[in-house]
Amino acid sequence: MKGLWMECVWQSTGIYQCQVHRSQLALPTDLQAARALMVISCLLSTLATCISVVGMKCTVCCRETSSKDHIAISGGACYVLAGILCLIPVSWSTSDLIHDFYNPVLPTGTKYEIGEALYIGFVSTGMALVGGTLLCLPCPQQGNGRPDQPQASFTQTTPQHGPPSICKGNYSTSQTSASLSDYRLNDYV
C-alpha cells in the first residue's frame, strides 16, 4: 500500500512492513502537493469548526449582534472549501492507483489496491461538503423576525374580571363558573 505519509508492504510470509517517506524533497511533486492539500484541508476544517461554534444560536459568543447567521455561513463555507481540498488529493490518488492497476506493463507484484485511507477520505469529503452546505443554507425567518424565539400560533386573551353579575341568592350552576375558571365562594357554601 502506498500512502501520503508512508509506504507499506505485505510480504508473502505474512509480515506487514511500513516505511515512512524519509525526505520531503525527494518525493514526487504530485505527492508533495497531495500532502500539502490534506494538511491545509485539516487546518481549514479546524478553523471551520471554531467559526461554526461561534455562529451557533445556542452559544453565548456574539449574542447581541445580528451577525451570528453570517458567522455560521462563513463556517459552512470553510467546511465546503476544506471538503474540496480533501477531495482533490483523494481522487487524484485513486485515479493514479486505478491507472497503475490496469497498466499491463507493470508487474503484478508492484500493483497497489485502494486502501482504507482513500475510503475514509471520500467519506470525510462527503461529510464536510454536506455539513458545510447545511450551514450555508439560510435559516427560515419567522413572523417576528427572530428565528430563535417561537411565534405564538394563537392569541390568548385574558379574562376581564368585573363585579359579579349574579345577585346574592340567585346561584349560578357550578358548570358555568368552572368553565370561566372563576372560583366563587357561593358555589361551595
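Tracing side-chain contacts under 4.5 Å through hydrophobic residues (I, L, V, M, F, W, Y), one reaches I114 starting from L87; they form part of the same cluster. Cluster annotation: I120 and L4 are assigned to distinct hydrophobic clusters (Ile/Leu/Val/Met/Phe/Trp/Tyr, side-chain heavy-atom contacts under 4.5 Å, transitive). One hydrophobic cluster, built from ILVMFWY side chains closer than 4.5 Å, cannot hold both F122 and L44; they sit in different ones. In terms of hydrophobic clustering, with Ile, Leu, Val, Met, Phe, Trp and Tyr side chains grouped at heavy-atom distances under 4.5 Å, L43 and Y79 are assigned to different clusters. Both V130 and L137 are members of a single hydrophobic cluster when ILVMFWY side chains are connected at heavy-atom separations under 4.5 Å.
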- prompt: Passes side chain to side chain contact (heavy atoms under 4.5 Å, CB included), I51 versus I71? Steps please.
  reply: CA-CA 7 Å; I51 292 172; I71 294 172; 3.9 Å; yes
field: Audit row: L129, I84, side chain to side chain contact (heavy atoms under 4.5 Å, CB included) steps and yes/no
entry: CA-CA 8 Å; L129 291 175; I84 291 171; 4.1 Å; yes
task: Any chance you could lay out the side chain to side chain contact (heavy atoms under 4.5 Å, CB included) test for E113 and L97, step after step, and finish with the verdict?
output: CA-CA 7 Å; E113 291 195 21; L97 282 175; over 6 Å; no
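Panel note: side chain Q32, backbone L27; a donor-acceptor pair is recorded below 3.5 Å. A donor-acceptor contact shorter than 3.5 Å links the side chain of S41 to the backbone of A82. At distances below 3.5 Å, at least one donor-acceptor pair connects side-chain atoms of K68 with backbone N or O atoms of V54. In this structure, the side chain of S93 does not engage the main chain of V90 through any donor-acceptor pair within 3.5 Å. Between the T59 side chain and the V53 main chain, a donor and an acceptor come within less than 3.5 Å of each other.
Contact between A128 and G83 at its shortest, heavy atoms only, is CB-CA, 3.9 Å. Among all heavy-atom pairs drawn from V20 and M6, the shortest one is CA-CB, 3.8 Å. Of all non-hydrogen atoms in D96 and D30, the two that sit nearest each other are OD2-OD2, 3.6 Å. Heavy atoms only, all atoms of each residue included: G76 and S52 are closest at N-OG, 4.2 Å.
Between C86 and M38, the closest side-chain pair of non-hydrogen atoms falls below 4.5 Å.
Under the side chain to side chain contact (heavy atoms under 4.5 Å, CB included) criterion, S95 pairs with no residue, sequence neighbours left out. Contacts of L37 classified as side chain to side chain contact (heavy atoms under 4.5 Å, CB included), with partners at least two apart in sequence or in another chain: L85, I88, P89.
If you take CG on L47 and SG on C78, they are separated by 5.0 Å, rounding to the nearest 0.5 Å. With rounding to the nearest 0.5 Å, the separation of CD1 in I98 from OG in S91 is 10.5 Å.
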